[in-house]
2 protein chains.
Amino acid sequence: MNLSDRKLKERKDRQDLILNGALQVFKSKGIEGSTMDEIALESGFGKATLYYYFKSKEEVFAAILTNGWKSLWDNLEPVMSVDNKSPRDTFVNILLCISDNVRSRPGLYEFLFNAPKKVNFESQEWRPFQERIYTVITTLIEDGIKLGEFPQSKPTVLFKALGGLFMGLVLMGKDKPVSKKDIEQLLNDLIPNNTIE
Amino acid sequence: MNLSDRKLKERKDRQDLILNGALQVFKSKGIEGSTMDEIALESGFGKATLYYYFKSKEEVFAAILTNGWKSLWDNLEPVMSVDNKSPRDTFVNILLCISDNVRSRPGLYEFLFNAPKKVNFESQEWRPFQERIYTVITTLIEDGIKLGEFPQSKPTVLFKALGGLFMGLVLMGKDKPVSKKDIEQLLNDLIPNNTIE
DNA sequence: TTAAATTTCGACTGATGATTCGATAAGTAT
DNA sequence: ATACTTATCGAATCATCAGTCGAAATTTAA
């Protein structure tokens, strides 16, 4: 007889508790600076129990990233695949969607966006999701440039600059909600509609 | 009788050798992931010798940052204090100057710009230099906005977006030299001169 | 040439922290 | 109730470094 559904769900819930605790500790102490003892304490389990649910510290770390990027992708996917709009409109909607996600899980996304740079771990199962998102956005920018809706710069460079804007948005979002108006304002400032003139 | 000038210079040279080796290792393994043994191997000294020149691993790290930010400041300072120009012109010149620095020490500046986020060390003697640079640039952007040379966004947000541009520049610079023309092109794309229209 | 100062280094120490062990407690089904 | 599976945990291991030691090599100055 296998584990019942309830059992499976409870197990998943406990894993989430551990992951949430780990995120707290990672954020305050940094990844290398965090110990499994602290994570155990923070999440309310014994240290050995962590190893019952996860093979290693690295797996805990990877699980946070994978869950995060996957859920961001799941929410973004439908927005991205609407294609009866101009790249610019899609771009605005993507920013709005990201902003919603960021607000719903305070602290998680700063971690998602920064943590991978800080560490040289082996497992990188989250990369595919991250890359899918980057690819779609890059394509979007390329299309926007072709259609003259974005500046005629190199896409890679423009992507970097817009990356800064993203970050500004993420950090801005921590304090106050970001409305569609705010985002359009920003885009109008930084990416003027230069089809005319 | 004190150490001769030659002796002092040789000592400084050896410190630089160690620092360069350390930078290599830090870049490839990350800061926490690097061991003093590796740094010793890479720089061609015995481990104990590192401790003859530096008190601790942290001091090695701090020395890299302090040297780097200080030398960037020293090069930037004269460019920044020319004030018979428009903020926009000064901004272009700053970017050019940074670009020169980046090209002259490949790899160093990615480290300077990213490493401080990765670590929670005590000593932060490099901060004053870093902050001086940030402050001047922020003021410059504020002035630019007042004079209508930059978009009328919040300075902090604009700073973030321009931060992305900086990074694009840094990474771009790795492949090919960046000319004054390139930079002006980028600025024209992203920060149109909207005094008229 | 020789004593003092400077520089070098491999081997040792001690602390820290990830991972494992072995025992115990719930929970479940018969 | 009783065997079997699942879950929990503190204590013991084991590896990895940062940092120290004490001896030796090299350089300098008399």
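Note that the coordinates shown come from a computational prediction; the quantities given were computed from them, not determined experimentally. Throughout, protein chains are lettered first and strands after them, A, B, ... in sequence-line order, and every chain is numbered starting at 1.
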Exercise. Looking at residues 12-23 of chain A, who's got a heavy atom less than 4.0 Å off DNA chain D?
Worked result: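 Within residues 12-23 of chain A, the residues near DNA chain D are Arg14(A).
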Problem set entry | Any residue of residues 55-67 of chain A with a heavy atom less than 4.0 Å from an atom of DNA chain D | none
Exercise. Quick one: does Leu50(B)'s side chain get under 4.5 Å of Val60(B)'s, heavy atoms only?
Worked result: no
Exercise. Distance-only, no hydrogens or angles: does the Glu10(A) side chain make a donor-acceptor pair with backbone N or O of Arg6(A) under 3.5 Å?
Worked result: no
For this session: Report which part of the nucleic acid Phe54(A) touches: base, sugar-phosphate, or nothing (heavy-atom distance under 4.0 Å, all strands).
Result: nothing
Test salt bridge (Lys or Arg N to Asp or Glu O under 4.0 Å) applied to [X] - qualifying residues, sequence neighbours left out:
| X | result |
| --- | --- |
| Lys27(A) | none |
| Glu58(B) | none |
| Lys9(A) | Asp13(A) |
| Glu42(A) | none |

Just jot down the side chain to side chain contact (heavy atoms under 4.5 Å, CB included) partners of [X], sequence neighbours excluded, or say none.
| X | result |
| --- | --- |
| Lys70(B) | Asp74(B), Phe129(B) |
| Gln130(A) | Trp69(A), Trp126(A), Arg127(A), Tyr134(A) |
| Ser104(A) | none |

Between [X] ([atom1]) and [N] ([atom2]), how many Å, whole number?
| X | N | atom1 | atom2 | answer |
| --- | --- | --- | --- | --- |
| Leu8(B) | dT27(D) | CG | P | 17 Å |
| Leu41(B) | dC9(C) | CG | P | 11 Å |
| Met36(A) | dG10(D) | CE | C1' | 15 Å |
| Asp37(B) | dC12(C) | CG | P | 14 Å |
| Glu32(A) | dC17(D) | CD | P | 10 Å |
| Ile39(A) | dC9(D) | CD1 | P | 15 Å |

For this session: Over all heavy atoms of both residues, which pair between Ser43(A) and Ile18(A) is shortest? Give the atoms and the distance, please.
Result: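 Of all heavy-atom pairs spanning Ser43(A) and Ile18(A), the closest is CB-CA, 3.8 Å.
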Exercise. Leu76(A) and Ile94(A): which non-hydrogen atoms are nearest, and at how many Å?
Worked result: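 Nearest heavy atoms, Leu76(A) then Ile94(A): CD1-O, 4.2 Å.
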Exercise. Per the side chain to side chain donor-acceptor pair (under 3.5 Å) rule, which among Arg14(A), Gln15(A), Lys12(A), Arg11(A) passes with Tyr53(A)?
Worked result: Arg14(A)
All N/O contacts under 3.5 Å from nucleotides 23-28 of chain C to the protein, with atom names and distances to one decimal?
{"unit_1": "dT28(C)", "atom_1": "OP1", "unit_2": "Arg6(A)", "atom_2": "NH2", "d": "2.4"}

Problem set entry | Under the side-chain hydrogen bond (donor to acceptor under 3.5 Å, both in side chains) test, residues paired with Glu142(A) that sit two or more places apart | none
Exercise. By a strict heavy-atom criterion of less than 4.0 Å, which residues belonging to residues 43-52 of chain A are in contact with DNA chain C?
Worked result: Lys47(A), Ala48(A), Tyr51(A)
